[in-house]
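Read through the structure below, which is laid out as C-alpha cells, and then see the notes.
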Amino acid sequence: MAAVLPRRTKFLLSEDRIPRAWYNIAADLPSAPPPPLHPGTHEPIGPADLAPLFPMGLILQEVSQDREIEIPDPVREAYALYRPSPLHRAHRLEQALGTPAHIYYKYEGVSPAGSHKPNTALAQAFFNKQEGVKRLATETGAGQWGSALSFAASVFGLDVKVYMVRASYDQKPYRRILMETYGAEVVPSPSPTTNYGRKVLADTPDSPGSLGIAISEAVEDAATRDDTKYSLGSVLNHVLLHQTVIGLEALEQMEMAGEEPDVIIGCAGGGSNFAGLTFPFLGRMLRGEASYRVIAVEPEAAPSLTRGVYAYDFGDTGKMAPIVKMHTLGSDFVPEPIHAGGLRYHGMSPLVSLLKDQGVIEAQSVHQRACFEAGVTFARAEGILPAPEPTHAIKVAIDEAIAAREAGEEKVILFNLCGHGHFDLSAYEKYLNGTLEDYEYPSDKVAAALAGLPAIG
Ligand SMILES: Cc1ncc(COP(=O)(O)O)c(C=O)c1O
C-alpha cells in the first residue's frame with residue numbers, strides 16, 4: 001500500500017462539485033449600488049437601454065437581487081474542461097520565506113486560455129448563442145480576456161472580433177495567434193476599423209492604446225451591427241457574478257484543508273478575479289457569519305482604488321458606454337504600458353468600488369518591479385510562472401507572510417493565482433536582465449483626466 005504523504009499540497013474537488021449556482025453579492029449588500037446612467041441623458045438606465053449591447057439573459061443577471069443564480073447545464077459541462085480548479089497550499093513558498101503563516105492559492109491558470117476569464121466567457125457566449133446572436137465584439141488588454149472569449153465562442157459556435165490594446169498587441173504576439181487559432185479576428189486598438197479608433201489615431205498616431213479606448217471601439221462595433229453584441233471581460237455585475245465559481249469552490253476547499261483564511265487577496269484591474277474569489281467569503285462577512293481582511297491590489301501606474309475618486313464616470317474613453325459610480329482616475333487617463341496589461345484600466349467595478357467606499361475591503365498599490373520580484377520568488381518555490389497581473393496579489397501575500405514571521409503569527413493567507421505567465425516571457429526577460437522600468441504615479445495626467453469627469457447632479 002502506498003504511504004500517505006505527511007503533508008497535503010493540493011485540495012481537489014470532483015467534477016460533480018462544480019457549483020450549480022453563481023453567488024450574487026447584491027442580495028447581501030447593506031445598500032444598493034447607485035444606478036448606472038445613460039451616457040447622453042445622464043438619466044438612470046434600465047434593461048431596455050442595454051438591449052442593443054447585451055442579450056436579455058445577461059441583462060437580467062446584471063440587475064438581479066437573487067442571492068443564487070442557476071448555472072445552465074451546457075455552461076457547467078464546458079466548465080468541466082477545467083473546473084473545479086485546484087487549491088494549493090504553498091508549503092514551499094512558506095519554507096522559502098521562513099514564515100509560520102499558512103499560504104493557500106486558488107489556481108485559475110488551469111483553464112484552456114490560462115486564466116480565470118473563461119468562467120464568464122463561457123457563460124456570456126452561452127447566453128448570446130441562446131438568443132440567436134451570431135457575432136461578439138470585445139476588447140482585450142493582456143490578451144487573456146480575448147483568448148478566453150475566442151475559446152468560449154469556439155465552444156458555442158460564435159464569431160468574434162477582438163480589439164487588442166496596441167501595447168499588448170506589440171508585446172504579446174503569441175496571445176494574438178492563440179485567439180486566431182480559436183477562430184477570432186484580432187486588430188490592434190486604436191484601429192482604423194471604427195470611427196472612434198480613426199479619431200484617436202488622427203490625434204495620437206503612436207497611441208499605446210488602453211482598455212478604455214478598446215472598449216469604445218468594441219461598443220461602437222456592436223452598436224452599429226444587428227448580428228453583433230458586445231462582451232466585456234470585467235467590471236460589470238454579471239461578469240463578477242460568473243467569477244464567483246472561484247470563491248464558491250475555494251470555500252469548500254478551505255474547509256477540506258480545515259482552515260479559515262484571515263486575509264484574502266486578489267489583484268484588481270476591473271475587479272473580476274478579485275470579486276470571484278472574495279465575494280462568497282464577503283457574503284459570509286456581510287451576513288455576520290465570519291470576519292476576514294480582504295485586500296485588492298492594483299498597479300501604482302493605474303491606482304484607481306487607492307488614488308482615484310469615487311464618482312460617476314464613463315467606463316470607456318469614447319464616452320459611449322453607461323456612466324457608473326466607481327473609483328476612477330478619469331476616463332481620458334491612459335495608463336503607462338506596464339506589463340500587467342489586464343490592470344491598465346482607469347476605473348473599477350461599481351460593486352468592488354462600493355465595498356471599498358464602505359470600508360468592507362482594503363486596497364494597496366504596488367510597482368511592477370516589486371511584483372516581478374515576487375513572481376520570480378513564487379516561481380522558484382512553487383514552480384508555476386504567474387501572469388504579471390497576479391504577481392500583484394503574490395507581492396502582498398508575501399508581505400503579509402513576512403509580517404506574520406516578524407510577529408510570530410500563524411496567519412492563514414489565501415490569494416487568487418488567476419493566470420499563468422507563459423505568454424509573458426518577454427516581460428520576465430526584461431525583469432531578469434534589469435531593463436524593466438517602474439512608472440511613477442502620473443499625478444498631472446490623472447488630475448487632467450479627473451477634470452473631465454461628467455457633471456452629475
Ligand atoms: C490574468 C489576469 N488577471 C487579472 C486581470 C484583470 O482583470 P480583473 O480585475 O477583471 O480580474 C486580467 C485581465 O485581463 C488578467 O488577464
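Every number for a ligand or one of its atoms is a count from 1 in the order of the listing. Only this structure's heavy atoms are used, side chains among them; waters, hydrogens and symmetry mates stay out. Sequence positions, counted from 1, serve as the residue numbers for this chain.
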Please identify each residue that fulfils side chain to side chain contact (heavy atoms under 4.5 Å, CB included) with Ala153, with sequence neighbours left out.
Leu158, Val160

Quick check on Arg307: does its CZ atom have over 12 non-hydrogen neighbours (other residues, nucleotides or ligands) under 6.0 Å away?
yes

Is it true that, when you exclude Glu70 itself, more than 12 heavy atoms of the residues, nucleotides or ligands shown sit nearer than 6.0 Å to its CD?
no

Give every pair formed by an N or O atom of ligand 1 and a protein N or O atom closer than 3.5 Å, one pair per line with both atom names and the distance to 0.1 Å, or write none.
{"residue": "ligand 1", "atom": "7 (O)", "partner": "Lys117", "partner atom": "NZ", "Å": "3.2"}
{"residue": "ligand 1", "atom": "9 (O)", "partner": "Gly269", "partner atom": "N", "Å": "2.7"}
{"residue": "ligand 1", "atom": "9 (O)", "partner": "Gly270", "partner atom": "N", "Å": "3.0"}
{"residue": "ligand 1", "atom": "9 (O)", "partner": "Gly271", "partner atom": "N", "Å": "2.8"}
{"residue": "ligand 1", "atom": "9 (O)", "partner": "Ser272", "partner atom": "N", "Å": "3.4"}
{"residue": "ligand 1", "atom": "10 (O)", "partner": "Lys117", "partner atom": "NZ", "Å": "3.4"}
{"residue": "ligand 1", "atom": "10 (O)", "partner": "Ser234", "partner atom": "OG", "Å": "2.4"}
{"residue": "ligand 1", "atom": "10 (O)", "partner": "Ser272", "partner atom": "N", "Å": "2.9"}
{"residue": "ligand 1", "atom": "10 (O)", "partner": "Ser272", "partner atom": "OG", "Å": "2.7"}
{"residue": "ligand 1", "atom": "11 (O)", "partner": "His116", "partner atom": "NE2", "Å": "3.0"}
{"residue": "ligand 1", "atom": "11 (O)", "partner": "Ser272", "partner atom": "OG", "Å": "3.3"}
{"residue": "ligand 1", "atom": "11 (O)", "partner": "Asn273", "partner atom": "N", "Å": "2.9"}
{"residue": "ligand 1", "atom": "11 (O)", "partner": "Asn273", "partner atom": "ND2", "Å": "2.8"}

Of all residues at least two apart in sequence or in a different chain, which pass the side chain to side chain contact (heavy atoms under 4.5 Å, CB included) check with Pro188?
Arg166, Tyr169

Side chains of residues 424-431: which donor-acceptor pairs under 3.5 Å do they make with residues two or more places apart or in other chains?
{"residue": "Asp424", "atom": "OD1", "partner": "Lys172", "partner atom": "NZ", "Å": "2.4"}
{"residue": "Tyr428", "atom": "OH", "partner": "Pro386", "partner atom": "O", "Å": "2.6"}

What pair of heavy atoms forms the shortest contact from Pro36 to Pro322, and how long is it?
CB-CB, 4.5 Å

